[in-house]
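Written below as structure tokens is the structure these notes are about.
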Amino acid sequence: MEDLAKKHILLGLSGGVACYKSAELCRLMMKAGATVQVVMTEAASRFITPVTLQALSQRPVYLSQWDERAANGMAHINLGREADACLVAPASADFIAKLAQGRADDLLSLLCLARPSQRVPLLVAPAMNREMWAHPATRRNVAQLLADGATVLDVGRGEQACGETGDGRMLEPAEIVQDLVAAFQPKVLAGHHVLVTAGPTYEAMDPVRGITNLSSGKMGFAIARAASEAGAEVTLVAGPVGQPTPRGVARIDVRSARDMLAAVQASQDRATVFIACAAVADWRVAQPGSQKIKKDGSGLPPPLEFVENPDILATVAASGRARRGELFCVGFAAESHDLLTHAQAKRVRKGVPLLVGNIGPDTFGQDDNALLLVDAVGVTEVPRAPKLVLARGLMTEIARRLAAKGPAP
Ligand code: C5P
């Protein structure tokens, strides 16, 4: 997906071993559709050559404020104004200190200071030794950058180039790209807490076998990501799926429908939006075997009895907070036919203000989907698109309905 299409990113590198990751970062941003202009400090060019970044970005790299390519002699003005965002990765402790003080003695710090800060956001991806990261001076400088409106990305934890272990590694390139993409999304759910269920459930028959379904979890994970990008705090209760956790999302892994209900109930008091996207098994085995059920030679299947699982969505929608309008509930319906009729009936049956219909066989495991939004007013068809695009659109729809109700509690 070209998440950075039409975006021009100024990628600044300051000195640090993490510069080797910036080559991959540049490549990933280009792959996501961005154009990238690289600016390096003198220290950065000791860790990786400008030629590498020129080849990857397909543009000559800028190294000095005295660069003669700028006809007006003002590279620091031009570069900052043509960018949609400035991303400094890696941002060394020294470079962060410089930004915090507003010093401008090289091209990169100069253009960060000179950029039109209301229009061109500044993101910094710190990278340094754990002691430097924990030092009160760095803490002060980071706090100052935040107060000045910059976005300071997280740091990774683990083995450092110096041989020590701790906080301060630069995030992985794919993580930085996710954070950059998120920075461009409108914060329509800021102040909200979105609780999402995703994936299938697994109902054990015995310790080795069970009943599950083909839900990949992709739609629910896309919703969790889109909610986080939209500025919400997000809790994702996920059935057994192998999807990576979206950045900034708190994930709770569960197996059965009853585990999922318990996890949802533990979080629902803090949530302001509940989106039930999971394909919950309707039935579970009443008495799962404590040992593997063996064939007994009779040729007959084992006598399994089933009981109905709790309906998580209907339970939450019937709670006091949902009924008082403090928790906005959204359900999903995966149907094979007569989508509109079934979706309308399901919305009423589950007692939710918004129900999202989709055709099950057309969505399971796919990267794209088409939706039908059904509420008390009417029906909106959302044409086929990647699940993340649909999820972002759904966040806008939910935010519009929440705004009509008043501010977040
Ligand atoms: O009844 P049906 O399974 O078709 O309803 C689908 C909607 O209800 C989805 O939002 C799904 O996540 C939710 N659901 C639930 N708990 C169940 C069954 C469905 O939350 N036991």
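Predicted model, so just to flag it, every value in this text is computed and none were measured. We count ligands from 1, going down the list as the structure has it; atoms in each ligand are counted the same way.
Nearest protein heavy-atom contact of atom 18 (C) of ligand 1 is Val280 CB, 3.7 Å. Scanning all protein heavy atoms for the shortest distance to atom 16 (N) of ligand 1 gives Ile312 N, 2.9 Å. At the top of the distance list for atom 1 (O) of ligand 1, counting protein heavy atoms only, stands Lys350 NZ, 3.0 Å. Atom 6 (C) of ligand 1 has its closest protein heavy atom at Phe332 O, 3.0 Å. Closest to atom 3 (O) of ligand 1 among all protein heavy atoms lies Asp282 OD1, 4.0 Å. Counting protein heavy atoms only, atom 10 (O) of ligand 1 is closest to Ala276 O, 2.6 Å. The nearest heavy-atom contact from the protein to atom 2 (P) of ligand 1 is Lys346 NZ, 3.5 Å.
At a heavy-atom cutoff of 4.0 Å, ligand 1 is contacted by both the backbone and the side chain of Leu313.
Ligand-side atoms of ligand 1 in range of Pro310: 16 (N), 17 (C), 21 (N), range being under 4.0 angstrom from any heavy atom. Close approach of ligand 1 to Gly331 is summarised as follows: ligand atoms under 4.0 Å from at least one heavy atom of the residue are 10 (O). Close contacts of ligand 1 with Ala278, meaning ligand atoms under 4.0 Å from a residue heavy atom, involve 11 (C), 12 (O).
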Assess the residue pair Asn141 and Lys98 against the criterion (side chain to side chain contact (heavy atoms under 4.5 Å, CB included)); give the C-alpha distance rounded to whole Å, side-chain angles, the decisive distance to 0.1 Å, and a yes or no.
CA-CA 9 Å; Asn141 292 333; Lys98 247 188 201 183; over 6 Å; no

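In this structure, Arg139 satisfies the cation-pi test against Trp133, with its NZ or CZ atom closer than 6.0 Å to the six-membered ring centre and inside 45 degrees of the ring normal.
In summary, Arg130 and Asp167 do not engage in a salt bridge, as defined by a charged side-chain N under 4.0 Å from a carboxylate O. Asp311 and Lys350 are joined by a salt bridge, as a carboxylate oxygen and a charged side-chain nitrogen come within less than 4.0 angstrom of each other. Using a cutoff of 4.0 Å between basic side-chain nitrogens and carboxylate oxygens, Arg392 and Asp3 are scored as salt-bridged.
Other residues, nucleotides and ligands contribute at most 12 non-hydrogen atoms within 6.0 Å of the NZ atom of Lys31.
Among Val330, Val379, Leu355, Thr380, the one residue that satisfies the side-chain contact (heavy atoms from CB on, under 4.5 Å) test with Leu373 is Thr380.
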